[in-house]
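First the structure, in the form of structure tokens, and then the observations on it.
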Amino acid sequence: MMKKSITCESFLDYQFVSDPRISPDGKHTAFIVKKADIKANTYQSSLYLFSHETNETKQMTSLGSVNSFIWEDNQTILFASVRSDKVKEAIKSGEEIMSFHTLDITGGEAKESFILPVKGTSLIPVGGDNYAVIASFDNERPDVEGLDESEKKKRLLEYKNRGYEHIREVPFTVNGGGYISRIRNRLYLYNRKTGKIEALTDPMFNVAGVKAEQGRILYIGQKFEDVKSLKNGVYLYDTAAKKSSCLLEPGRYLIKGFDLYQDKAVLNLTDGESYGNGQNGDFYTIDIQTKEQKLLLSHEHHCVGNTVTTDVKLGGGQTMKKDGKYLYFTSTVDMDCIIERLDMESGECLRITDKGSVDFLDVKDGKLVCTAFTESRLEELYECKDGKLCQLTHLNDFVQDEYDVCTPEYIEVKGNAPWEIQGYVLKPADYVPGKKYPGILAMHGGPRLTYGPVFMHQMQMFANAGYFVFFCNPRGSEGRGNEFGDIRRRFGEIDYQDFMEFTDGVLKKYPDIDAGRIGVEGGSYGGFMTNWIIGHTDRFAAACSQRSIANWTSMEGSTDIGYYFCKGQTGASHMEDHELQWKQSPLASADKCTTPTLFIHGEKDYRCYMGEAFQMFAALKLHGCDAKLCLFEGENHELSRSGRPKQRLKRLEEMKAWFDKYLMKTDKEV
């Protein structure tokens, strides 16, 4: 059977799997599935259930969107959802509430269980009828307690529609969330039986994460008034004693993972002094009573969490989970994200899996499930048995069965660096040896992200359209330790060298790529590097720079991460070594660009503000270089990954049209 080509719109058929959670008895795993709805221009999010006894998968919800849930018992699931008109109207008028529903997995419709009087979507069981809740708290919002309903509604609507913002601190925006000055994530304790809710943290304290069990709540965060630090403190709230204690003062460590184990807190920490804020951490324990801190495991050679990037990942879930004396967590190693298991008593650490890209996991009495990418397949639910990932669901099997999926071919290029440059090449779907094809160098963001052999819709689309697509992990990428990932004060130098040497190696190994018809593209850091490349070489016939960085000085003062990221990654700031900061800015060399360049940016991108694209685009135009800027209204930094379906589709169409225009021409046509 002739297989279909993967086109720009093919992603509309994919199903995005996330957040697996095992039932208390281990017989079922519930998980979230998202799917694009092009008509509504959004993503529908539903709750699914896999039976480990029958191996059946079934959809449990269809109305509304389910984005977070917990198991109440072996057959009841509790989830947040805005379904009733009453709740919708209350939220519309400015009230901060959330309704929770229960669902019996044996049958029947979901029923509204209670309404939470704060803007929180996730419940963390503490024990008994108590739940920990993280909810957004606006310190500027008017206090309406004690007012009648009419006056209450009036004041809330006036505040909601005020038409201005008070900005008093840094950061003042957050990508995907807008202006956040004086807004905090606050910790609450909610008792479901009494319906009472109690704030556990100060109004100006920002909570960054929570773990809870047996009447204890471990949380990390900090109180700040002017500038938020990256280094949070560690705290423990005891529900019996009704008080919090500080286990680790803020300002000392970057905390990259944490959990409770008996009388200890187990944390993945780094001071970031040797390799900047991207530095990988080690595992420590802190005694809850004595506050004594001990090294449990040196782990800085691996990154805790998944940095393997793709454009077909939606949703969240757990990346670290305790089971007995073991702590299971995801870890990026080379070009895979594996599961590791830490013995919290001995400090012994074992690799549970070797290959694939695991996103989210859950474990119960040794049963380990996860959502993962394997080979060139889209994400599915897996169970780990004897170190192997055994596929449980088959929601996306149709992609392999019906579409012409190209398999990445591994390539290793030896350049001038101490490390080989690891990467992959996708041949065109219609590849015929001896025929000449155009090629595209794709570059990931971060820079401490990772390219692996996982399914990438954009790359598959270009390969199906007749392009070679090649991509690699230059110095600065994650997965090979802190020294490899540290390119401070060398941005645009050693990473640029790696990209050029990798391109040389690919062209040598694949002579059917027409060296006169290659393009370059990337987003975020990849956008920075695209901007840098077009100012330093004319070897590429076309470029596409997305959510990019042009000027480190403007980036530093206009984005949600700029105030720490710029110095932490480049080694320079506008107050310290401004000359180096400008030297590492692509805008400084924009006058040398001759490469036709398409810029793609989101209007609400607060990670790399749209002014970066404006500056680079204007510079090219002013120097006579062909350029085009596509600004997507309402979209943020995640346009390529979770942007609205119509906007994601248009982005791909614009990219393909641009590269087709410049790269599909033969020498005779040019």
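- Leu187 is not listed as a side-chain neighbour of Val133, based on a closest heavy-atom distance of 4.5 Å or more.
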Could you walk me through whether Asp560 and Arg607 pass the salt bridge (Lys or Arg N to Asp or Glu O under 4.0 Å) check? CA-CA 6 Å; Asp560 61 353; Arg607 185 64 36 85; 2.7 Å; yes

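- Across all their heavy atoms, Leu296 and Leu342 have their closest contact at CD2-CD2, 3.7 Å.
- Sorted by first and then second residue, the salt bridge (charged side-chain N to carboxylate O under 4.0 Å, His left out) pairs with a member in residues 326-343 read Lys325-Asp343, Asp336-Lys355; sequence neighbours excluded.
- Using a distance-only test at 3.5 Å, with no hydrogens or angles considered, a donor-acceptor pair links the side chain of Ser346 to the main chain of Glu348.
- Using a 3.5 Å distance cut-off with no hydrogens or angles, the side chains of Glu380 and Thr393 do pair a donor with an acceptor.
- The environment of Lys294 atom NZ is sparse: at most 12 non-hydrogen atoms of other residues, nucleotides or ligands sit within 6.0 angstrom.
- A donor-acceptor contact closer than 3.5 angstrom links the side chains of Asp104 and Gln75.
- Minimum heavy-atom separation, Arg216 to Val126: N-CG1, 4.1 Å.
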Walk me through whether Thr76 and Leu103 qualify under side chain to side chain contact (heavy atoms under 4.5 Å, CB included). CA-CA 6 Å; Thr76 311; Leu103 177 68; over 6 Å; no

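- Just one of Ser45, Ser81, Ser18 meets the side-chain hydrogen bond (donor to acceptor under 3.5 Å, both in side chains) condition when paired with Asn67; it is Ser45.
- In Lys322, the NZ atom is crowded: over 12 heavy atoms of neighbouring residues, nucleotides or ligands sit closer than 6.0 Å.
- Phe455 and His457 have their aromatic ring centers separated by at least 6.0 angstrom.
- Atom CD of Gln460 is separated from atom CG of Leu426 by 5.5 Å, given to the nearest 0.5 angstrom.
- Once rounded to the nearest 0.5 Å, the distance linking CD1 of Ile180 with CG of Asn175 reads 11.0 Å.
- Here Phe258 and Phe283 keep their ring centres 6.0 angstrom or further from each other.
- No donor-acceptor distance shorter than 3.5 angstrom exists from the side chain of Ser524 to the backbone of Gly446, with no hydrogens or angles considered.
- Contact between Asn280 and Lys256 at its shortest, heavy atoms only, is N-NZ, 4.4 Å.
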Going through the distances and angles, do Ile134 and Tyr188 end up as a side chain to side chain contact (heavy atoms under 4.5 Å, CB included)? CA-CA 6 Å; Ile134 299 178; Tyr188 295 85; over 6 Å; no

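- Applying side-chain hydrogen bond (donor to acceptor under 3.5 Å, both in side chains) to His444 and the options Thr309, Thr310, Asn473, Thr450 leaves one that passes, Asn473.
- Residues satisfying the ring pair (Phe, Tyr, Trp, His ring centres under 6.0 Å) test with His302, not counting sequence neighbours, are His299.
- Distance alone, capped at 3.5 Å, is enough to place a donor-acceptor pair between the Thr61 side chain and the Leu47 backbone.
- No more than 12 heavy-atom neighbours from other residues, nucleotides or ligands sit within 6.0 angstrom of CD on Glu375.
- The shortest side-chain heavy-atom distance between Thr374 and Tyr382 falls under the 4.5 Å cut-off.
- Not counting sequence neighbours, the partners of Gln318 by the side chain to side chain contact (heavy atoms under 4.5 Å, CB included) test are Arg21, Lys321, Asp362.
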Trace of the salt bridge (Lys or Arg N to Asp or Glu O under 4.0 Å) decision for Glu383 with Lys367: CA-CA 8 Å; Glu383 183 173 355; Lys367 181 190 288 289; 3.7 Å; yes

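- Counting heavy atoms from C-beta on, the side chains of Leu260 and Val266 never come closer than 4.5 Å.
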Going through the distances and angles, do Ile77 and Thr102 end up as a side chain to side chain contact (heavy atoms under 4.5 Å, CB included)? CA-CA 6 Å; Ile77 293 174; Thr102 54; over 6 Å; no

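- The side-chain contact (heavy atoms from CB on, under 4.5 Å) test with Val358 is passed by exactly one of Ile338, Leu389, Thr371: Leu389.
- Geometric assessment of Lys4 against the ring of Tyr403 yields a positive cation-pi assignment under the 6.0 Å and 45° thresholds.
- If you check the side chains of Gln391 and Asp397, you find a donor sitting under 3.5 Å from an acceptor.
- In this structure Tyr190 satisfies the ring pair (Phe, Tyr, Trp, His ring centres under 6.0 Å) test together with Phe114, sequence neighbours excluded.
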What verdict does the salt bridge (Lys or Arg N to Asp or Glu O under 4.0 Å) test give for Asp238 and Lys243, after you've listed the backbone C-alpha separation in whole Å, the side-chain angles of each residue and the deciding distance to 0.1 Å? CA-CA 6 Å; Asp238 188 309; Lys243 67 176 184 179; over 6 Å; no

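- Each side chain to side chain donor-acceptor pair (under 3.5 Å) pair with one or both residues in residues 114-128, not counting sequence neighbours, would appear here, but there are none.
- In the model, Asn191 has no side-chain atom that pairs as donor or acceptor with a side-chain atom of Asp129 under 3.5 Å.
- Arg186 places no side-chain N or O within donor-acceptor distance of the main-chain N or O of Ser136, the cut-off being under 3.5 Å.
- Between Phe205 and Tyr235, the gap from one ring centroid to the other is short of 6.0 Å.
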Step by step, work out the side chain to side chain donor-acceptor pair (under 3.5 Å) result for Gln15 and Asn396. CA-CA 6 Å; Gln15 299 193 71; Asn396 290 302; 5.1 Å; no

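- In this structure a side-chain-to-backbone donor-acceptor pair under 3.5 Å is present from Thr239 to Gly215.
- Minimum interatomic distance between Val308 and Met335 (heavy atoms only, all atoms of both residues): CG2-O, 4.0 Å.
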Please evaluate residues Thr319 and Asn306 with respect to the criterion side chain to side chain donor-acceptor pair (under 3.5 Å), reporting the C-alpha separation (whole Å), side-chain torsions for both, the decisive distance (0.1 Å), and the verdict. CA-CA 8 Å; Thr319 59; Asn306 188 345; over 6 Å; no

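- Within the 4.5 Å cutoff, no side-chain heavy atoms of Pro408 are placed close to those of Met459.
- Minimum interatomic distance between Pro24 and Asp73 (heavy atoms only, all atoms of both residues): CD-O, 3.6 Å.
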Run the side chain to side chain contact (heavy atoms under 4.5 Å, CB included) test on Asp359 and Lys313 for me, step by step, so that the C-alpha distance in whole Å, both residues' side-chain angles and the decisive distance to 0.1 Å come before the verdict. CA-CA 9 Å; Asp359 278 325; Lys313 184 190 304 185; 2.9 Å; yes

Without placing hydrogens or testing angles, list every side-chain donor-acceptor pair under 3.5 Å for residues 642-649, not counting sequence neighbours.
unit_1	atom_1	unit_2	atom_2	d
Arg644	NE	Glu635	OE2	2.6
Arg644	NH2	Glu633	O	2.6
Arg644	NH2	Glu635	OE2	3.2
Gln647	OE1	Asn41	ND2	3.1
Arg648	NH1	Tyr43	OH	2.9
Arg648	NH1	Arg641	O	3.0
Arg648	NH2	Asp311	O	2.8

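- Minimum interatomic distance between Ser99 and Glu112 (heavy atoms only, all atoms of both residues): CB-OE1, 3.6 Å.
- Tyr451 and Ser477 form no side-chain donor-acceptor contact under 3.5 Å, judged by distance and modelled atom types alone.
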